[in-house]
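Chain letters run A, B, ... following the sequence lines, proteins first, then strands; residues in each count from 1.
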Amino acid sequence: MSRYNAKETEAKWQEIWRDRRIFEVSEEPDRPKYYVLEMFPYPSGRIHMGHVRNYTMGDVTARFKRAQGFNVLHPMGWDSFGLPAENAAFENKVHPAIWTRQNIAVMRDQLKSMGLSIDWSREISTCEPEYYVHEQKMFLEFLAAGLAYRKESWVNWDPVENTVLANEQVIDGRGWRSGAQVVRRRQAQWFFGITQFADELLEGIEALDRWPDKVRLMQTNWINRSEGARVHFQLIGRKDGFDVFTTRPDTLFGASFCALSPNHPLALECAKTDPALAEFLAECGRLGTSEAALEAAEKCGHDTGLTVAHPFKDGAALPVYVANFILMEYGTGAIFGCPGHDQRDLDFARKYALPILPVVYPPDIEAAGFEIGAQAYVGDGVLINSGFLDGLGVTAAIIRAIARLEEIGAGEGKVNYRLRDWGVSRQRYWGCPVPVIHCASCGIVPVPEGDLPVTLPDDVTFDEPGNPLDRHPTWKHVDCPLCGAAARRETDTFDTFVESSWYFARFCAPSSDRAFRRDAVDYWLPVDQYIGGVEHAVLHLLYARFFTRALKRCGYLGIDEPFAGLFTQGMVCHETYQDSDGGWVYPSQITTGPGGQMIDVESGLRVTVGRSEKMSKSRRNVVDPAEILELYGADSGRLFMMSDSPPERDLEWTESGIDGSWRYVNRIWRLIAAPDGAVAMAGAAQPDAFGEACVAMTRMIHRAIFAVTADLELFRFNRAVAHVRELTNALEAFGSQEAGHDWVRRFGFDTTVKLIGPMMPHIAEELWQRLGHEKLLAESDWPVADKAFLIDETVTIAVQVKGKLRGTIEMPRDAENAVVEQAALALEPVRRAMGGAAPRRVIVVTNKIVNVVV
RNA sequence: GCCCCUGUGGCGGAAUUGGUAGACGCGGCAGACUCAAAAUCUGUUUCUCGCAAGGGAGUGGGGGUUCAAGUCCCUCCAGGGGCACCA
């Protein structure tokens with residue numbers, strides 16, 4: 001018997017699947033569909049272990065569902081716009097398009113060598129004009145529908161690179177590449193109106209019952225809806241005023257000041273005539289944009305000298321401060337401060353000697369003796385010192401206060417969200433151009449549909465700072481489509497999250513000349529099972545949910561939610577190694593030296609073994625999937641990915657683990673390709689009667705079918721693997737010569753091959769052929785467990801005395817409780833444990849347990 | 001600071017959802033085959049007392065509910081994650 005040749009066999013079946021177009025699908029309205037999608041990769045150059053884990057999970061699901069009779073859509077594409085391509089262009093003098101397409105070619109081959117059941121005829125790449133032309137059309141529709149707009153907003157500006165930086169490109173307040181101090185700057189940017197859907201997106205979370213609770217919670221917190229009131233404060237001695245947002249309008253009578261954000265228009269206005277305030281605002285600006293920096297800064301303010309009228313207390317005036325902790329981006333950028341019932345307001349009031357008036361006193365405390373100490377009182381209670389609100393509870397007082405505000409025209413009930421509109425402008429080359437033209441007389445003019453796509457110019461360089469589109473000699477100079485005058489093309493490109501917000505729908509009809517073919521999206525969408533990393537829990541998944549609604553509003557799609565089921569996988573981790581200088585060492589450079597020490601292969605020097613962490617190039621604790629595929633084959637790698645660790649948790653990559661999977665591949669090969677004992681012909685009739693060993697084996701097979709099916713259904717891949725291994729162990733031990741043993745062995749082999757099919761498709765297909773089947777395994781049905789074999793005639797019942805196990809008894813299934821009790825009490829260890837005492841009570845749980853209480 | 005998750009042998013993990021804790025795998029130990037090694041196979045492997053038969057302890061710590069708790073409740077500890085001046 002020859003050893004299993006993974007390389008040869010895997011290539012053979014990949015070719016057969018491809019040639020027979022097994023995984024290419026089309027809409028079949030009378031068959032149930034199932035859309036499995038893994039988050040598509042960024043073409044960084046080579047696949048990594050995270051990809052292997054992600055795509056294995058998706059493939060197992062796709063193959064399993066296909067065997068169960070579903071019409072399965074399982075596509076693949078490339079999220080191919082983005083900054084790394086520009087960095088590569090800068091470093092290696094290679095054009096982003098060339099770099100990207102080369103990477104795609106390499107990674108496509110790598111993914112194909114994994115044996116994924118993907119319909120490659122649907123492959124898409126987001127950096128190609130055939131893809132993003134539709135995005136440009138969508139944008140223009142969004143623009144017309146008021147879902148996209150342009151406004152000034154703050155950006156991180158790198159004065160050396162002459163470019164806008166993303167938040168993650170700002171490290172300790174400095175540009176990641178230039179090291180220059182980043183400055184905040186206002187710039188006109190494009191936005192998508194995601195906040196228009198804030199409530200819908202929040203309420204929609206409720207119905208996403210096949211999403212992890214964790215992700216649902218994160219999105220809920222991200223949107224962060226809070227109910228309260230908008231209150232208008234009138235400036236004394238002026239005609240204007242400003243609005244604040246508050247969740248506690250009930251505490252208005254306790255207000256002792258108002259505070260504005262340093263970016264508030266009124267603050268900026270005051271600074272023009274108040275040099276000290278101007279200096280204060282400049283100081284706030286220097287703090288940087290990172291929230292961590294804001295956090296560390298001491299809370300302080302500056303008195304503007306202005307006062308506002310209290311909306312409820314006639315004649316009362318409140319001072320107006322500018323305070324560094326007020327965010328312009330949240331609420332209205334202004335607050336009123338009630339020091340008695342908000343800790344931050346209390347700290348501020350103490351610092352600037354402002355009055356502190358309690359207006360809510362806690363239950364069970366004398367109102368007269370109640371004072372605010374070091375802690376503001378934020379709990380429920382009864383209103384005092386509050387005029388018409390006195391005596392009310394907090395909830396009632398909020399309602400009454402809002403009603404009064406509305407009566408006197410000083411405010412209204414309002415719902416506020418933390419969620420902000422999605423800024424999609426990037427001052428970058430390698431992205432989808434925003435298809436508009438700026439005209440001096442006509443303003444913002446959409447590029448006419450006939451002129452789309454707006455494509456990127458090829459003749460660009462990356463060796464100087466700034467946006468290559470902006471400094472291109474001709475690209476941006478165009479005539480206005482309306483008036484024909486010289487105009488300027490928009491040089492911003494879209495955030496790459498835009499492309500990934502609709503790609504799942506494009507897969508339904510990837511070569512349609514319209515963005516979506518309606519009958520195709522109506523058939524395939526929503527995605528039944530979406531799989532990816534939890535790092536996309538908020539942004540990508542929220543943007544895609546928004547986009548789906550926006551597309552529905554513009555008539556593109558008929559659904560609200562893009563992903564009916566979501567699974568977030570854990571990371572792939574590995575031990576870390578450091579040499580004596582603290583330098584990171586690759587696992588492939590490590591070997592076990594004499595005495596069990598880990599040593600560097602080349603230098604022979606000792607390395608220290610650190611904790612297991614997410615595989616990352618910076619720590620060098622990476623294992624290249626290409627080497628694993630070459631050495632062990634795809635099936636072993638896939639099996640290891642599914643074994644041991646539950647898929648939602650982190651997986652620890654170990655050498656011995658992949659060895660174990662490789663051993664299993666060979667074991668199953670020996671078991672089935674070179675069986676020890678007779679095997680009935682494929683399709684042989686089932687014998688009328690079996691001996692005891694055959695019946696037991698048959699039960700085991702049916703139990704395995706039942707367990708593995710349930711496990712795969714619920715994404716419990718590690719348990720599915722354990723159950724298949726149990727079955728393999730049992731078949732190896734099955735040496736019966738009873739009548740029918742050859743039939744049982746055949747049944748066991750066929751079943752084992754079917755059950756491992758989704759995880760190890762190549763060896764399964766090969767064994768399936770060797771077992772004499774004409775049809776491909778990939779086209780065969782999933783086995784169904786016969787319930788009659790799942791129930792045993794006898795059961796093992798545990799016998800406890802005072803909750804402690806003392807023995808077990810074998811009883812016929814569903815035996816009378818009295819009979820079971822008698823048998824239990826007759827057990828020697830039970831009698832001993834009872835010490836001659838009479839049982840006070842005996843609990844019998846049918847077919848499970850007997851507990852004797854003495 | 002607030003919110004969420006996790007904690008089980010030497011290791012990854014399992015436990016029909018309140019009913020025999022440790023399935024399955026990794027590693028270790030002993031043995032078989034071999035001149036030897038690799039590969040493979042067999043046995044063993046929670047800890048502890050004991051020659052043994054047997055006993056005791058045990059799911060991060062403490063407390064509780066229950067005939068019965070890894071599982072439910074309270075509390076503390078540790079690790080991980082999310083949000084973070086959110087008005």
Side-chain angles (χ1 to χ4, degrees), chain A residues 3 212-222 224-226 228-229 231 244-248 251 258-259 261 291-292 294-299 323-327 329-338 342-345 347-348 416-419 534-535 537-538 611-612 639-640 643-646 648-661 663-664 666-667 670 706-707 710 716 718-729 732 796-808 829 832-833 839-854:
Chain A
R3 217 167 134 92
D213 288 341
K214 179 191 164 130
V215 175
R216 298 206 283 173
L217 186 69
M218 282 166 72
Q219 292 212 352
T220 303
N221 292 340
W222 188 263
N224 192 21
R225 178 193 149 103
S226 58
V231 184
V244 307
F245 173 74
T246 179
T247 54
R248 296 291 302 272
T251 64
C258 279
S261 162
E291 270 149 356
L294 292 173
E295 164 72 6
E298 198 191 341
K299 289 162 189 52
N324 65 349
F325 58 87
I326 312 296
L327 305 173
E329 293 82 7
Y330 187 77
T332 61
I335 62 153
F336 80 80
C338 176
D342 181 286
Q343 190 59 43
R344 205 185 37 201
D345 294 348
D347 297 343
F348 193 81
N416 196 52
Y417 302 90
R418 198 192 76 115
L419 180 71
V534 74
E535 65 272 21
V538 177
R611 54 179 285 179
S612 181
L639 177 65
F640 180 59
S643 307
D644 296 350
S645 294
E648 68 279 8
R649 284 210 226 163
D650 288 353
L651 173 124
E652 164 96 17
W653 180 276
T654 59
E655 193 81 3
S656 49
I658 183 71
D659 279 342
S661 295
R663 271 202 297 276
Y664 181 71
N666 284 290
R667 255 179 76 191
R670 281 194 304 273
F706 183 80
R716 300 184 302 210
N718 55 323
R719 300 207 313 196
V721 171
H723 283 125
V724 171
R725 294 186 94 125
E726 265 182 320
L727 176 60
T728 312
N729 291 347
E732 280 178 338
T796 308
I797 294 172
V799 183
Q800 300 179 333
V801 177
K802 287 187 289 184
K804 193 165 275 199
L805 184 75
R806 295 296 169 180
T808 56
R832 205 179 325 126
R840 263 203 299 156
R841 199 175 150 195
V842 179
I843 288 119
V844 180
V845 181
T846 309
N847 298 332
K848 281 214 170 123
I849 203 161
V850 177
N851 194 6
V852 182
V853 189
V854 286

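Considering only side-chain N and O atoms, A/R670 lies under 4.0 angstrom from the phosphate OP1 or OP2 of B/C41. Dashed line: the shortest gap from a side-chain N or O of A/R344 to OP1 or OP2 of B/C86 is under 4.0 Å.
Side-chain proximity of A/S645 to the nucleotides B/G12, B/A87, B/U20 is greatest for B/G12. Each of B/G19, B/C85, B/U40 was ranked by its minimum atom distance to the side chain of A/I849; first place goes to B/G19. Distance from the side chain of A/I326 is smallest for B/A87 among the nucleotides B/U20, B/C86, B/A87.
Straight-line distance from the CG atom of A/D213 to the P atom of B/U6: 10 Å, rounded to whole Å. Summarising the geometry, the separation between CD on A/E329 and C1' on B/A87 is reported as 14 Å, rounded to the nearest angstrom.
Applying the 90° criterion around 0 to the glycosidic angle, B/G43 comes out anti. Applying the 90° cutoff around 0 to the glycosidic angle, B/U20 is assigned anti.
The nearest heavy atom of RNA chain B to A/R418 and to A/S226 marks one nucleotide each, and the one closer to the 5' end goes with A/R418. Residues A/N221 and A/E732 each lie close to RNA chain B; by heavy-atom proximity, the contact nearer the 5' end of the strand is made by A/N221.
Looking at residues two or more places apart in sequence or on another chain, you find no ring pair (Phe, Tyr, Trp, His ring centres under 6.0 Å) involving A/Y664. Partners of A/Q343 according to the side chain to side chain donor-acceptor pair (under 3.5 Å) rule, which considers only residues two or more places apart in sequence or in another chain, are A/D347. Every residue meeting the side chain to side chain donor-acceptor pair (under 3.5 Å) condition with A/S226, not counting sequence neighbours, appears here in chain and number order: A/Y330. For A/F325, the ring pair (Phe, Tyr, Trp, His ring centres under 6.0 Å) partners at least two apart in sequence or on another chain are A/F348. For A/E732, the side chain to side chain donor-acceptor pair (under 3.5 Å) partners are A/R667, not counting sequence neighbours. Taking A/R248 as the reference, A/D250 meet the salt bridge (Lys or Arg N to Asp or Glu O under 4.0 Å) condition, with sequence neighbours excluded.
A/T332 comes within 4.0 angstrom of no nucleic acid atom, judged by non-hydrogen atoms across all strands.
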Distances under 3.5 Å between nitrogen or oxygen atoms of protein and nucleotides 24-34 of chain B:
{"unit_1": "B/G25", "atom_1": "OP1", "unit_2": "A/N729", "atom_2": "ND2", "d": "3.4"}
{"unit_1": "B/C26", "atom_1": "OP1", "unit_2": "A/R663", "atom_2": "NH2", "d": "2.8"}
{"unit_1": "B/C26", "atom_1": "O2'", "unit_2": "A/S656", "atom_2": "OG", "d": "3.0"}
{"unit_1": "B/G27", "atom_1": "OP2", "unit_2": "A/R663", "atom_2": "NH2", "d": "3.2"}

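B/C11 and B/U48: their P atoms are spaced 14 Å apart (whole Å).
Remark: B/U59 base-pairs with no nucleotide in the shown strands. Criterion, Watson-Crick or G-U wobble with two distances under 3.5 Å.
Annotation for A/K214 and A/V534: closest pair CE-CG2, 3.7 Å, computed over non-hydrogen atoms.
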Distance-only donor-acceptor hits, side chain of residues 846-854 of chain A, under 3.5 Å, sequence neighbours excluded:
{"unit_1": "A/N847", "atom_1": "OD1", "unit_2": "A/D814", "atom_2": "N", "d": "2.8"}
{"unit_1": "A/N847", "atom_1": "ND2", "unit_2": "A/D814", "atom_2": "OD1", "d": "2.8"}
{"unit_1": "A/N851", "atom_1": "OD1", "unit_2": "A/G803", "atom_2": "N", "d": "3.0"}

Summary of protein contacts for nucleotides 54-67 of chain B, nucleotide by nucleotide, where a base hit scores B, a sugar-phosphate-only hit scores S (4.0 Å, heavy atoms): SSSS---------B
